[in-house]
Amino acid sequence: VMMQTADGGISGEKAVYEPKKGKVTVYGFKQPVEITKEDKILHAREVEAYLDKKNDLKSAIATGEVEVVTPKGSAWGDRGVYNSQENKVELFENVRLEQDGNFITGAYAVTDLETSVSRITGDESTNGRIRGTFYKKRK
């Protein structure tokens, strides 16, 4: 299944379209669902995509092994919410950010798709702390 939008597309293995709600639920079984926007990609096992009257993507709720790939790095979480007006993806639960082999883990992150910059925080269980591993650049 492939749905083209004004600035990208959504693909998956199965889709259920509810025109009165402006909603498309896309499922990935063997391959993840993929939302593309320019050079950014969101992967997940299931995506509820909400469309405007022109059938352009307004927002999406992604669940199951969510991954956001930008030119500067990748981010993962158990759930994600995409907002096209703000051009941001929020990731929840078991969040991991990676860039050049370095990574940070936490409970919540926001990735700005315009700048490819992410912000990560912890939660109550970690007293708001995050963890990271950074490697020295090799020459």
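- Among the candidates T111, D112, T70, the single residue satisfying the side chain to side chain donor-acceptor pair (under 3.5 Å) test with S118 is T111.
- The nearest pair of heavy atoms linking G80 to L91 is CA-CD2, 4.0 Å.
- Judged by distance alone, with hydrogens and angles left aside, the side-chain atoms of S84 form a donor-acceptor pair with the main-chain N or O of L57 at under 3.5 Å.
- Atom OG of S116 sits about 6.5 Å away from atom CG of D39, to the nearest 0.5 Å.
- Under the 3.5 Å distance criterion, the side-chain polar atoms of E46 are left unmatched by any main-chain donor or acceptor of G28.
- E13 and K30 make their closest contact through OE2-N, 2.6 Å (heavy atoms, listed as atom of the first residue, atom of the second, distance).
- Qualifying salt bridge (charged side-chain N to carboxylate O under 4.0 Å, His left out) partners for E38, counting only residues two or more places apart in sequence or in other chains: K40.
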Evaluation steps, side chain to side chain contact (heavy atoms under 4.5 Å, CB included), between S11 and M3: CA-CA 6 Å; S11 62; M3 185 182 99; over 6 Å; no

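- Minimum heavy-atom separation, L97 to A109: CD2-CB, 4.2 Å.
- Residues satisfying the ring-ring contact (aromatic ring centres under 6.0 Å, His included) criterion with Y50, sequence neighbours excluded, are absent altogether.
- Residues F134 and I120 share a single hydrophobic cluster, defined by chaining ILVMFWY side chains whose heavy atoms lie under 4.5 Å apart.
- Linking ILVMFWY residues whenever their side-chain heavy atoms come closer than 4.5 Å, directly or via other members, places Y82 and I10 in the same cluster.
- Closest heavy-atom contact between G12 and V26: CA-CG1, 3.7 Å.
- Taking CD of E114 as the reference point, atom CG of N87 lies at 5.0 Å (rounded to 0.5 Å).
- Nearest heavy-atom pair, E98 versus D100, reported as atom, atom and distance to 0.1 Å: OE2-N, 3.3 Å.
- The hydrophobic cluster containing F29, built from Ile/Leu/Val/Met/Phe/Trp/Tyr side-chain heavy atoms closer than 4.5 Å, also comprises V16, Y27.
- Of all heavy-atom pairs spanning I130 and T121, the tightest one is CG2-C, 3.5 Å.
- Here the CG-CD distance, from D52 to Q85, works out to 9.5 Å after rounding to the nearest 0.5 Å.
- Between the side chains of N83 and K58, no donor-acceptor pair is found at a separation under 3.5 Å.
- In terms of hydrophobic clustering, with Ile, Leu, Val, Met, Phe, Trp and Tyr side chains grouped at heavy-atom distances under 4.5 Å, I104 and V66 are assigned to a common cluster.
- Counting heavy atoms from C-beta outward, L51 and V24 have side chains that approach closer than 4.5 Å.
- To the nearest 0.5 Å, atom CG of residue N94 and atom CG of residue D78 are 4.0 Å apart.
- Checked options L113, V33, I35; the residue passing with L42 is I35 (criterion: side chain to side chain contact (heavy atoms under 4.5 Å, CB included)).
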The test is side chain to side chain contact (heavy atoms under 4.5 Å, CB included); show your working for E65 and H43 and say whether it passes. CA-CA 8 Å; E65 302 171 26; H43 297 277; over 6 Å; no

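- Hydrophobic side-chain contacts under 4.5 Å tie M2 to no other Ile, Leu, Val, Met, Phe, Trp or Tyr residue.
- Judged by distance alone, the side chain of E18 and the main-chain N or O of G22 form no donor-acceptor pair under 3.5 Å.
- F92 meets the ring-ring contact (aromatic ring centres under 6.0 Å, His included) test with Y108; sequence neighbours excluded.
- Summarising the local packing, CD of Q31 is surrounded by 12 or fewer heavy atoms from other residues, nucleotides or ligands at distances under 6.0 Å.
- Each ring pair (Phe, Tyr, Trp, His ring centres under 6.0 Å) pair with one or both residues in residues 62-81, not counting sequence neighbours, would appear here, but there are none.
- Put simply, the side chain of E48 never gets that close to the backbone of A62: no donor and acceptor are under 3.5 Å apart.
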